[in-house]
Amino acid sequence: MSVTTDRVVYMDNNATTRVAPEVLAEMLPYFSDFYGNPSSMHNFGGQVGRKVAEARGKIAALLGCSPDELLFTSCGTESDSTAILSAIQSFPEKRHIVTTRVEHPAVKNLCERLESLTGHRHKVTQLPVECDGTIDLCKYEEALTDETAIVSVMWANNETGVIFPIERMAALAKERGILFHTDAVQAVGKVPINLSAMKVDFLSLSGHKLHAPKGIGVLYVRKGTPFIPFLIGGHQEHGRRGGTENVAAIIGLGKACELAGAKMNEENTRVKALRDRLEEGLIAAIPHSLLNGHKTERLPNTTNISFEYVEGEAILLHLDRFGICASSGSACTSGSLEPSHVMRAMGVPFTAAHGSTRFSLSIYNSEEEIDYVLAHLPKIIADLRAMSPFWAEAMKSQAGCGCGCKKG
Ligand SMILES: *Cc1c(COP(=O)(O)O)cnc(C)c1O
């Protein structure tokens, strides 16, 4: 499909974000002038080490923890793997893992791998979610047993933005002596976090979801939590993760966390207002559109809407012609158009799950950009429906789906 505009309207911030200009500026000298190894004995390296320590402090400030509870990894995925693999190695006699059906593949696929490839050594409970993407805490409590080595539950869902009650869930795990990990990749920078007041043992975050570069992650390990390294090597990170630190990215992440803390209010007011304007505008202008996910227990930047009887992939291609970047809940995996595991877990009807479209905003979006999407998307959907035999059929029978989640 030919691109008809040079304009880029970026509304896919849950996939990755722009590196903030302030972050880039902070990083650049560490590629050129200050290229020392932070572990070196000489001052040329030592000054870099001090800058890394400063960044660690800024990240700890955003999370409400102590800097020495943080270790740097290569990405959110590595942080997730490190936490889960550490826990199951620390408690080899406990063979049960509790997670949810809506986790990011970084957690979901690892848990499934542990269940299938190690001769069924581990049993994994993937908790279901309600139709609005929220979790039933009774079902959660019932899943926790003496056999459970670790609970791994995401703080906020990347597809819907739905937020889980992590503080409560961590406390319930702790009462039973179970380690608790949260993949907070989507939450950090968007919702307030104070780890010192919580019973969380492990927390994962990723730089590129909060305006730092790709290729840098952090794992929080609560002081006193048993820990077994994932990457074995040198003495970096107090022996908790071998490998020379990704210095520039760490410094960038420190700056990004400082900015995120300072801009948290803007995220929760201006960005949320933009998101609501987009969401309400689309749902009002496009018949048979349904919100996926709880209306309020949700990240301020994310909206996921299903447009019944159209394919998400088709919507994205047409949006792309206008330079609008969004994302779809139907992942084109191995050639088959399957609705995402998140949409399936929520029980979004087939006719709607395929048309689910995610817009994830950031502080760099403007009201004018929202109006631009509102000006183009209703016509795109109408045109696609005009070509859809399913739509024609549904309109004839007056069926529609009308079966969206009534909970949220
Ligand atoms: C992006 C993302 C990850 C993976 O982070 P990477 O740094 O890309 O490995 C994990 N969990 C969630 C919820 C995410 O959105």
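Heavy-atom basis, side chains included; hydrogens, waters and symmetry copies ignored. Counting starts at 1 for both ligands and their atoms, in listed order. For this chain, numbers begin at 1 and follow the sequence in order.
- Counting atoms of ligand 1 from 1 in the listed order, those under 4.0 Å from a heavy atom of Asn158 are 13 (C), 15 (O).
- Residue Val107 comes nearest to Ser152 through the heavy atom pair CG1-OG, 3.6 Å, listed as atom of the first residue, atom of the second, then distance.
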* Phe34/Phe44 under ring pair (Phe, Tyr, Trp, His ring centres under 6.0 Å): CA gap, chis, key distance, verdict -> CA-CA 7 Å; Phe34 306 111; Phe44 185 65; 7.2 Å; no
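- Protein heavy atom in closest approach to atom 9 (O) of ligand 1: Thr77 OG1, 2.6 Å.
- For ligand 1, one of its N or O atoms has an N or O atom of Gln186 under 3.5 Å away.
- By the 4.0 Å N-to-carboxylate-O rule, Glu267 lies too far from Lys263 to be salt-bridged with it.
- When each of Arg50, Arg56, Lys58 is tested with Glu54 by the rule salt bridge (charged side-chain N to carboxylate O under 4.0 Å, His left out), just one qualifies, namely Lys58.
- The closest protein non-hydrogen atom to atom 12 (C) of ligand 1 is His104 CD2, 3.4 Å.
- The protein atom (non-hydrogen) at minimum distance from atom 6 (P) of ligand 1 is Gly76 N, 3.5 Å.
- Polar contact with ligand 1: present for Ser206 (N/O pair, distance under 3.5 Å).
- Each of the following atoms of ligand 1 lies closer than 4.0 Å to a heavy atom of His208: 6 (P), 7 (O), 8 (O).
- Regarding atom 2 (C) of ligand 1, its nearest protein heavy-atom neighbour is Lys209 NZ, 2.5 Å.
- When Asp183, Thr182, Ile216 are checked for heavy-atom proximity to atom 13 (C) of ligand 1, Asp183 turns out nearest.
- Cation-pi contact between Arg18 and Tyr364: present, with separation from the ring centre below 6.0 Å and deviation from the ring axis of at most 45°.
- Judged by the 6.0 Å distance and 45° axis criteria, Arg222 is not positioned over the aromatic ring of Phe180.
- A donor-acceptor pair shorter than 3.5 Å can be found between the side chains of Asn292 and Ser306.
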